[in-house]
Amino acid sequence: MSEILEKLFEAVEFGKADKASPFPPQLKGQDGANELTKNALDADVDPKDILEQALIPAMERVGKKFSEQKIFVPQMLMSAKAMGASMVQLKPFFASGKIKEKGTFIIGTVKGDLHDIGKNLVSMIVEGGGWKIVDLGVDVSEDKFLEKIDEYPNAVIGLSALLTTTMVNMEDIVKAIRTKKPDARVLIGGAPINDDFCQKIGADYYAADPQKAVEYLNKIAS
Amino acid sequence: MSEILEKLFEAVEFGKADKASPFPPQLKGQDGANELTKNALDADVDPKDILEQALIPAMERVGKKFSEQKIFVPQMLMSAKAMGASMVQLKPFFASGKIKEKGTFIIGTVKGDLHDIGKNLVSMIVEGGGWKIVDLGVDVSEDKFLEKIDEYPNAVIGLSALLTTTMVNMEDIVKAIRTKKPDARVLIGGAPINDDFCQKIGADYYAADPQKAVEYLNKIAS
Amino acid sequence: MKYKNLIISSPQELMFGKAPSPVKTRRGLIIGGGQVYSELNFTLPTMSINSNTVKRVNEHYREIAEGALERALHLNSKGVVLEFETLLEMTKTPQIGVDIVSIMNEVCEKYYQKHGLASEIRLTPNDLREFERPAKQRTSELIAPMMELFERGMEAGGDLVSIESTGGKEVSDDALMMCDIKAIMFALSVLGVRDMQFLWKKIVGLANKQGKIAAGDSACGFANTAMVLAEKKYIPKVFAALVRVISVVRSIVAMEEGAVGPDKDCGYEGPFLKAITGIPISMEGKTAACAHFSPIGNIASACTDLWSNESVQNIKLLSGMAPTAYMEQLEYDVRLMNVALKGGDQSCQLFQQLMVDSDVYTDPQALVLAPENVIRISKELLKGDSYVANAKNGALATLDIIEEAIASGQMELSEMETAYLPILREDLNSIPDSESEFIDMMLPLMDQSKFILEEYGL
Amino acid sequence: MKYKNLIISSPQELMFGKAPSPVKTRRGLIIGGGQVYSELNFTLPTMSINSNTVKRVNEHYREIAEGALERALHLNSKGVVLEFETLLEMTKTPQIGVDIVSIMNEVCEKYYQKHGLASEIRLTPNDLREFERPAKQRTSELIAPMMELFERGMEAGGDLVSIESTGGKEVSDDALMMCDIKAIMFALSVLGVRDMQFLWKKIVGLANKQGKIAAGDSACGFANTAMVLAEKKYIPKVFAALVRVISVVRSIVAMEEGAVGPDKDCGYEGPFLKAITGIPISMEGKTAACAHFSPIGNIASACTDLWSNESVQNIKLLSGMAPTAYMEQLEYDVRLMNVALKGGDQSCQLFQQLMVDSDVYTDPQALVLAPENVIRISKELLKGDSYVANAKNGALATLDIIEEAIASGQMELSEMETAYLPILREDLNSIPDSESEFIDMMLPLMDQSKFILEEYGL
Ligand code: B12
Ligand code: B12
């Protein structure tokens with residue numbers, strides 16, 4: 001890996017978005033992910049390499065550190081921001097089709113439910129894994145999901161619920177999705193969910209945590 | 001109610017089987033259910049009245065006292081024995097068809113399960129309610145149930161299970177019964193069972209305790 | 001802030017079962033009057049609530065109340081509080097909530113009349129306002145059903161009323177995940193305080209009209225959420241400890257507006273409220289493991305007046321229904337405390353010491369709940385002239401206490417944790433004492449699309 | 001009976017966490033050596049066990065062990081015992097049981113190697129012999145798979161072995177329902193004792209061969225069943241209290257044959273065994289409310305060395321899986337005891353006093369577990385020359401204690417209960433001290449189709 005990609009890797013791993021950002025202290029004053037990406041592109045590094053050799057592996061390492069409880073969420077959030085700052089530079093290449101996300105992941109907390117901390121974490125980590133995220137927020141009805149599926153017909157759909165009275169709404173939503181798009185993959189999660197419930201409502205996969213979700217998604221993508 | 005039926009009622013309520021029995025102390029030396037029944041028959045009391053005005057109401061009162069926690073199981077067992085002692089006298093009339101049980105209740109603890117304390121209590125109380133009991137014991141397979149259903153085609157079937165690993169066997173048994181006799185009524189019970197499970201496996205009724213079982217059975221009989 | 005001096009200023013007097021201002025209920029519980037009672041919390045199993053299921057919903061609550069009170073009776077309970085924390089549909093359609101209160105009240109009354117077992121219902125409607133983003137804390141149409149449930153629910157037999165209100169949560173949600181202590185301060189000591197003033201004036205008004213008990217408001221979405229996140233190792237425990245202390249200035253507003261306790265369980269700000277205001281409180285710890293794991297299982301009971309399990313679904317365990325099982329567990333916990341109370345000061349002190357020693361140095365969140373530290377922090381929480389200053393002082397004192405415990409070798413914390421201490425201190429020190437100055441400082445740093453200042457009277 | 005004198009003869013020395021003969025395990029737990037540990041019990045959720053589901057079954061046990069040890073670690077646990085009480089299929093087909101032991105042992109080893117958390121598996125196979133009626137206690141073919149599971153299960157990592165054996169149960173089942181104390185005496189002090197001698201010789205032999213720990217045998221089908229029935233108000237509590245005491249002479253046979261403890265939890269005869277033999281014991285109380293309700297929630301812990309929850313299904317609660325939640329609850333209970341132990345004799349005594357006072361006069365079953373009464377009864381349990389005489393003397397002493405507590409006004413019992421006292425005393429007094437005379441007296445009174453004397457060496 002070239003030196004510049006190594007630096008970019010480091011910037012993302014430690015959450016340095018741009019030069020102006022005061023975080024992390026040990027990289028103060030140095031270039032951030034934004035500048036490093038620009039430099040790389042200027043130096044004719046293939047955007048695909050930037051994505052696949054620096055950004056995604058860096059976020060993978062971050063995800064791993066998080067799941068090994070070696071960092072807290074804020075550090076992960078900073079890394080996600082750094083990745084975002086790099087993406088700003090890569091945008092034109094996504095637009096031109098030169099590079100692609102692994103796929104699109106539509107996620108939302110089901111209707112009646114406002115809990116979103118877990119869902120947000122999942123979004124972030126899946127995004128770090130190289131997926132395009134369409135976050136529908138909380139209290140999301142069937143209709144909203146279907147609308148977005150129209151827009152992103154190949155998307156994988158993720159449902160989150162934290163209440164025992166709203167997890168049952170997942171069933172309606174899965175049914176609605178199946179009617180419209182029988183082959184769409186639906187991934188579910190949230191504290192009260194388990195495998196049995198997943199099978200019962202006919203969803204495709206239950207992930208207990210974001211890492212498991214990413215593993216599953218990557219299997220689909222490959 | 002005639003004096004003799006009143007006495008018989010009392011003998012059953014307090015568990016006096018026959019004159020020789022030392023229980024209960026306050027009726028020591030007096031006639032028990034056996035003698036009183038014989039006397040009543042000798043005095044031309046209608047066996048139907050004996051059953052319906054003395055025995056069954058006495059056992060109903062006993063069941064009520066038990067469910068109100070005013071007596072312990074041994075007292076109830078003594079009453080059941082007293083009723084049995086009376087039944088010995090009534091046997092010929094059952095045989096001739098002059099009097100009838102409310103129906104037949106086949107009960108057993110399902111295969112793999114040896115818990116029978118609860119099942120035995122249910123048998124006893126249902127019997128006191130005027131039902132003929134066919135007790136298949138513990139660890140009972142589908143086949144044994146089906147065999148007995150052949151013998152008593154109008155019987156109501158009761159299944160008991162105390163283990164979470166054997167309650168699922170109820171499902172097989174219910175299915176087997178349905179295949180053979182779709183209109184047979186199946187009643188289930190035991191500590192781990194609940195309404196949802198009852199619905200799930202397609203049984204007809206879940207009774208949390210013997211009283212509820214008797215209520216249900218009496219509804220069917222009437 | 002209304003309170004200028006501690007009502008309880010000596011750690012020895014901060015004791016379970018005894019509050020300077022006990023609360024007497026309709027059926028004769030005297031909460032904080034020398035006895036600890038169980039507060040049972042419960043919820044539905046997995047199911048939806050709609051017109052088809054509402055009958056079954058009602059049956060669940062009847063079954064829960066019957067099972068729990070029957071068990072409590074069997075265990076010679078001295079009295080029980082049943083907390084009915086509603087699920088959304090029950091506040092959105094107040095009739096559903098009101099019916100459930102009636103059903104449970106009927107059960108309570110039966111056990112009272114027939115067996116002399118005293119019980120009372122704590123009614124906790126949802127704060128529906130968070131369904132709108134940005135939240136319209138003062139002008140939302142969702143306030144009407146909330147108030148309807150309070151009012152009609154009290155008529156139906158809810159004697160204690162509480163809520164876990166959400167003013168400031170639109171800011172704190174992100175702040176928690178970013179461990180941004182300044183934003184937390186803004187959410188709680190500015191937005192939270194102002195929303196509590198607005199809301200609790202209303203609630204206390206409704207309660208007083210009916211002679212019912214305005215009990216209190218717990219910073220669940222803030223302090224409890226922080227604890228759960230810290231327990232999952234998502235955020236540092238030192239941060240969660242600070243959030244708890246900061247939430248005091250927000251939750252105490254209920255008392256300033258006239259609430260009399262027992263304060264609600266799940267934010268754990270109760271011990272501070274008890275020290276400052278003298279009201280009785282409810283707490284939860286090990287016996288709430290059905291609802292969430294906890295680093296403060298024993299120490300949480302050190303000065304509580306009600307002992308709660310936070311929440312358990314009405315599902316079957318091997319023994320019977322889960323709420324019945326938790327009723328039993330709470331009753332046995334409470335028995336120990338009551339026996340200690342009967343034994344006099346010395347036995348209470350010793351038992352409390354066991355509870356404290358058991359947890360105190362295992363987690364900074366436990367540390368701040370040691371009676372000595374509660375008193376020390378509470379003093380700081382009163383010193384200043386604004387809610388902001390008070391919260392800041394309390395938080396700084398908490399940092400001192402944590403650092404002292406580390407320095408003395410009594411508490412061990414990982415590098416990951418201790419790395420946050422100087423950052424948190426620096427951030428706290430940068431906060432001015434004046435609310436308006438603090439607002440001016442924060443506004444440019446925040447995403448103002450997320451909250452509406454006017455909805456907080458600003 | 002082998003034991004002629006009490007090892008612990010003063011109530012003050014009958015203390016939680018301390019046993020005269022502690023048991024040291026492979027990974028370094030010292031049970032009874034000054035520390036109380038949690039003993040977590042667990043079982044499958046509703047499901048069948050067959051070749052289609054066995055993979056899922058294994059996953060459940062791995063998940064249970066992982067969840068529990070992870071939580072214990074997080075709570076700085078000093079050590080854990082995981083009791084694997086098998087379900088029938090796991091003994092019938094020993095391979096299933098052995099595989100589960102291996103899986104859990106792997107998890108234990110991981111936490112030990114990686115984090116230094118010591119844990120040990122107690123393996124408790126089923127007594128399959130009760131599948132045959134009348135039971136063939138000595139000649140049944142079902143003994144082979146039981147012994148296979150013991151042997152191979154120990155190889156796979158089960159370090160403590162126990163069973164809830166059922167000798168005499170074919171008699172006691174009916175006797176319990178009829179409250180027939182003479183038949184109970186026959187079931188326990190004749191049949192039970194003889195079967196225990198037969199069975200435990202084998203088990204101790206197998207354990208010694210591998211250097212593993214033959215732990216003990218609890219009279220679950222007798223004493224625990226009686227308690228559950230009494231708790232449902234099916235039989236009198238005074239009767240259940242006697243059954244517990246009588247079961248001591250049966251369960252102690254395991255120690256006579258070489259078992260060293262920790263005795264198993266669910267019969268609650270442990271305190272007597274501890275006083276008489278000095279072995280450490282396991283008990284369960286309030287934190288077993290997941291498995292059955294209890295009249296002895298606190299007092300049960302007064303002199304225990306392991307603290308157990310009896311059994312909980314691997315189902316989801318709001319916090320996480322139920323076994324994880326119960327792990328947490330046990331750990332916090334145990335922490336209190338361990339802090340008290342650290343504080344020295346006075347703090348232990350005081351804490352034990354709270355546990356005792358909390359329950360002692362609420363139920364005769366609690367009464368007999370007060371250390372003072374345990375010692376008094378244990379003395380009687382040794383006095384005679386036969387198991388029968390010992391059991392009878394213990395039971396009579398128990399009746400004395402109950403009657404004294406009523407007479408002094410300390411314990412209130414309903415008429416329904418007290419009516420049984422003279423009947424029970426009369427029946428007990430009618431029992432001769434000699435086993436053979438007792439057998440002669442009983443045989444004509446019993447339904448001899450239900451048991452086979454030869455199968456008990458008679
Ligand atoms: C924080 C919290 C809140 C906050 C929510 C803040 C927010 N913005 O989300 C507030 C205070 C607002 C709140 C409100 C309420 N809450 Co709440 N809340 C919690 C709490 C304490 C923690 C939840 C949490 O954030 N955990 C941390 C996250 C990171 O974990 P997570 O959500 O499980 O997500 C992880 C996994 O599940 C998975 N995951 C999650 N989603 C998805 C989706 C996919 C696709 C995948 C693959 C994976 C995945 O990955 C995540 C990361 O590992 C829980 C307690 C608990 N034990 O969980 C109660 C809890 C869920 N709440 C509860 C209740 C009752 C409520 C209220 C109804 C209270 C009330 N009476 O008003 C309201 C309802 C609001 C609503 N309409 O939804 C109950 C639920 C009981 C029940 N019957 O279901 C709980 C269990 C508390 C309790 N013990 O009683 N709550
Ligand atoms: C007594 C008992 C035993 C005795 C059984 C004696 C006997 N002859 O029945 C013995 C000691 C032998 C025993 C053995 C075992 N047991 Co067991 N046992 C119990 C115990 C303590 C009480 C059960 C009881 O009799 N209750 C009293 C009766 C009156 O209540 P009931 O059975 O619920 O019946 C009432 C109602 O349910 C209803 N009812 C019952 N049946 C029916 C049927 C119909 C049709 C209707 C309408 C109503 C109805 O009416 C009854 C009266 O109100 C329970 C604990 C508990 N909390 O229940 C454990 C328990 C059921 N046993 C358990 C276990 C694990 C076992 C063993 C596997 C232990 C082992 N490792 O060897 C073995 C299995 C044996 C086998 N193959 O079945 C577990 C089950 C766990 C699980 N996963 O399912 C329990 C829950 C104990 C525990 N907490 O861990 N057990």
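Note that the coordinates shown come from a computational prediction; the quantities given were computed from them, not determined experimentally. Below, chain A is the first sequence line, B the second, and so on; all start at residue 1.
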Please look at [X] and chain A and tell me whether the side chain, the backbone, both or neither of the residue comes under 4.5 angstrom of a heavy atom of that chain.
{"X": "C:Phe131", "value": "both"}
{"X": "C:Glu415", "value": "neither"}
{"X": "C:Met178", "value": "both"}
{"X": "C:Thr225", "value": "side chain"}
{"X": "C:Leu176", "value": "neither"}
{"X": "C:Leu44", "value": "both"}

Check your understanding: What ring-ring contact (aromatic ring centres under 6.0 Å, His included) pairs are there with at least one residue in residues 158-205 of chain A, not counting sequence neighbours?
Key -> A:Tyr205-A:Tyr216

Review point. Any residues in residues 12-30 of chain A near chain C, with a heavy-atom distance under 4.5 Å, and which are they?
Key: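 When heavy atoms of chain C are the reference, residues 12-30 of chain A contributes no residue within the under-4.5 Å range.
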
Taking atom [atom1] of [X] and atom [atom2] of [Y], what is their separation to the nearest 0.5 Å?
{"X": "C:Thr46", "Y": "A:Lys200", "atom1": "OG1", "atom2": "NZ", "value": "8.0 Å"}
{"X": "C:Lys233", "Y": "A:Glu68", "atom1": "NZ", "atom2": "CD", "value": "12.5 Å"}
{"X": "A:Ile117", "Y": "C:Tyr234", "atom1": "CD1", "atom2": "OH", "value": "10.5 Å"}
{"X": "C:Cys179", "Y": "A:Gln75", "atom1": "SG", "atom2": "CD", "value": "8.0 Å"}

Practice item. Examine whether an atom of A:Met78 lies under 4.5 Å from a heavy atom of chain C, and if so say whether it belongs to the side chain, the backbone or both; otherwise answer neither. Key: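 Only the side chain of A:Met78 comes within 4.5 Å of chain C.
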
Exercise for review: Quick one: which of A:Ile71, A:Asp113, A:Asn120 has the most heavy-atom pairs under 4.5 Å with chain C, could you say?
Suggested key: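 Looking at each of A:Ile71, A:Asp113, A:Asn120 in turn, A:Ile71 comes out on top.
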
Check your understanding: In terms of heavy-atom pairs under 4.5 Å with chain C, which of A:Leu77, A:Val138, A:Asp116, A:Thr166 leads?
Key -> A:Leu77

Exercise for review: Begin from the C-alpha positions of A:Phe72 and C:Phe239 and carry the test side-chain contact (heavy atoms from CB on, under 4.5 Å) through to its verdict.
Suggested key: CA-CA 11 Å; A:Phe72 290 119; C:Phe239 182 77; over 6 Å; no

Exercise for review: Considering only heavy atoms and a distance below 4.5 Å, find which of C:Ile235, C:Leu88, C:Leu87 pairs most often with chain A.
Suggested key: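 Of C:Ile235, C:Leu88, C:Leu87, C:Ile235 has the most heavy-atom pairs under 4.5 Å with chain A.
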
